[in-house]
Amino acid sequence: MFRPCSFAALLLLATGSSAFTSLSTKPLSATQLYNVPPPSTDGDPATIKNASNREGPPQNFYQLQINCARAAELAIRDGNKLIEVEFPPLPAQVLEMDDVSAYDVAEANFKLALDFAKSFAAKNDDAAADESNDNKNGIPKNVAILFPDESEMDIALERTSITRNPYPGVQVSSLRGSDDRDERFFKPEQTFMSLFGGRSGGIIKPIEDVNMYIILIASAQELPDVEELSELDPDAVICFYNLKLDTLRGDLGAPAFPPKEFQDNFLSKVKPVYFLRTRQYSRSTPKPPFMVNYQGCLFRSYPGEFQTLLDTGTGSYRRVKGSDYRPGLGDFKEQLTQALRDEGVIAEEGGVLNFLRTGYKTQTWWEEEREDASDIWRT
């Protein structure tokens, strides 16, 4: 059985009966192929868009890193400054272990983010070697990986034995830094302002010559620091790297957290450029087996569509639907459920029973149309 976040279960075949294809029973044309390797980032925009629409989830972490950096580069070339990268950082069998801690997950994210940052630095090394390339494509030259504060950074560096300057053009730092002359171990003013999501009082400062910031392991209470950084350095790219923004949005408005308006004013402007979110569901049926367990993932590789993919139970996915507009959590579940109805796995029920299952509200508050919010996070 497929396990969420398990990339061993993401193995897709380019040909054969279990190919990554549409769930529709109608035959596809000979040219309608999915799981096609993406073209170069320098290709024709229409070709890149078409290929991204048909790109499938990665087979392994190596392919994930390549495709993730490619999607981010394409988004940056199109002028996007606030981007989101989201995928499971560890296989399911590792995440399910009892002795796996939050620090283990943070360490995995740190190492993945470092490889992600290196890909941009390496591109600029190649561009510098090519005298005909004057870097007009806007690709960042210098990248900083930012932890929420210095204590989190120190823990990560100690656990991984990585230095603060691990690669040319890449550095490791923190959002909230301290004065070099301040030798205090505990700084209560930083803790207080971070706890209540307030302004830093001048603690947040841009890093000289840095063109891109990769934000790691920040909580909802620390997101205002990222907003402040974007205001101080509006020309820099800020990447929200595996922060689980969907979960953090749900915390907004709670006591000691930023208000819900933070979604409208800032988080709604963050564009998901590489997005892989898995979900599991169960549904009772009046006939054997009486309980149907099903699962799927929402996948997007910029500038491609948001693809709703149904797990077939054989280590592959079937494409249920693709849309340029990101479906809400309730819409995603309904798309998977409808696919099972079309296949006869789940029987069609009356409107009353369907209403009792779903309720009158199928969207979270931040997924609803909001007057002051941007729709960038949906596209």
Side-chain angles (χ1 to χ4, degrees), residues 1-13 17-26 28 32 34-35 52-58 86-88 92 244-247 249-250 272 274-301 304-364 366-368 377-379:
M1 179 179 293
F2 170 81
R3 297 179 178 179
C5 306
S6 175
F7 283 94
L10 299 184
L11 181 62
L12 303 175
L13 302 178
S17 60
S18 60
F20 174 58
T21 61
S22 169
L23 187 62
S24 172
T25 56
K26 297 180 180 179
L28 297 174
Q32 189 71 16
Y34 289 89
N35 197 29
S52 298
N53 287 344
R54 297 179 287 121
E55 182 180 336
E86 185 66 48
F87 59 85
K244 297 186 180 296
L245 287 185
D246 284 358
T247 301
R249 287 182 173 107
Y274 197 84
F275 192 85
L276 176 59
R277 183 188 67 201
T278 58
R279 286 290 187 271
Q280 288 181 306
Y281 303 104
S282 297
R283 188 182 180 96
S284 60
T285 61
K287 299 179 181 179
F290 302 113
M291 183 67 69
V292 175
N293 298 316
Y294 59 104
Q295 50 217 344
C297 75
L298 181 63
F299 177 70
R300 195 273 176 99
S301 180
E305 299 175 329
F306 288 92
Q307 301 182 66
T308 299
L309 307 177
L310 176 66
D311 175 41
T312 64
T314 60
S316 63
Y317 284 106
R318 288 184 178 179
R319 187 177 193 265
V320 173
K321 187 174 182 180
S323 173
D324 289 328
Y325 199 72
R326 174 178 170 176
L329 294 174
D331 295 331
F332 169 74
K333 179 182 179 181
E334 180 57 28
Q335 289 170 4
L336 294 179
T337 305
Q338 185 59 48
L340 295 179
R341 291 195 192 102
D342 295 341
E343 290 293 301
V345 177
I346 295 177
E348 188 70 42
E349 296 177 331
V352 175
L353 287 178
N354 281 334
F355 175 79
L356 292 176
R357 288 184 182 275
T358 61
Y360 77 96
K361 191 177 181 64
T362 60
Q363 291 182 317
T364 58
W366 50 267
E367 291 177 325
E368 298 173 348
W377 73 275
R378 299 175 184 268
T379 62

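Contact detail for Arg378 and Phe306: the closest heavy-atom pair is O-CE1, 3.3 Å. Contact between Leu309 and Leu336 at its shortest, heavy atoms only, is O-CD2, 3.7 Å. Closest non-hydrogen pair, Ser282 versus Met291, comes out as CB-SD, 3.9 Å. In terms of heavy atoms, Gln307 sits closest to Arg319 at OE1-NE, 3.1 Å. The minimum heavy-atom distance linking Trp366 with Gly250 is given by the pair NE1-N, 4.0 Å. Considering every non-hydrogen atom in both Asn53 and Gly304, the closest pair reads OD1-CA, 3.2 Å.
Using a cutoff of 4.0 Å between basic side-chain nitrogens and carboxylate oxygens, Arg279 and Asp246 are not scored as salt-bridged. Remark: Glu86 does not engage Arg300 in a salt bridge, criterion side-chain N to carboxylate O under 4.0 Å.
The closest side-chain heavy-atom distance from Arg277 to Leu329 is below 4.5 Å. Counting heavy atoms from C-beta outward, Thr278 and Asp311 have side chains that stay 4.5 Å or more apart. Taking 4.5 Å as the limit, every side-chain heavy atom of Phe332 sits out of range of all side-chain heavy atoms of Arg326. Annotation: side chain of Thr308 is in contact with side chain of Leu298 (closest heavy-atom distance under 4.5 Å).
With sequence neighbours left out, Ser323 forms a side-chain hydrogen bond (donor to acceptor under 3.5 Å, both in side chains) with no residue at all.
In this structure, a donor-acceptor pair under 3.5 Å is present between the side chains of Asp342 and Gln338.
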Inset, instruction - Could you check Tyr317 against Phe299 for side chain to side chain contact (heavy atoms under 4.5 Å, CB included), going step by step and ending with a plain yes or no? - result: CA-CA 11 Å; Tyr317 284 106; Phe299 177 70; over 6 Å; no

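With rounding to the nearest 0.5 Å, the separation of OG1 in Thr379 from OH in Tyr325 is 8.5 Å.
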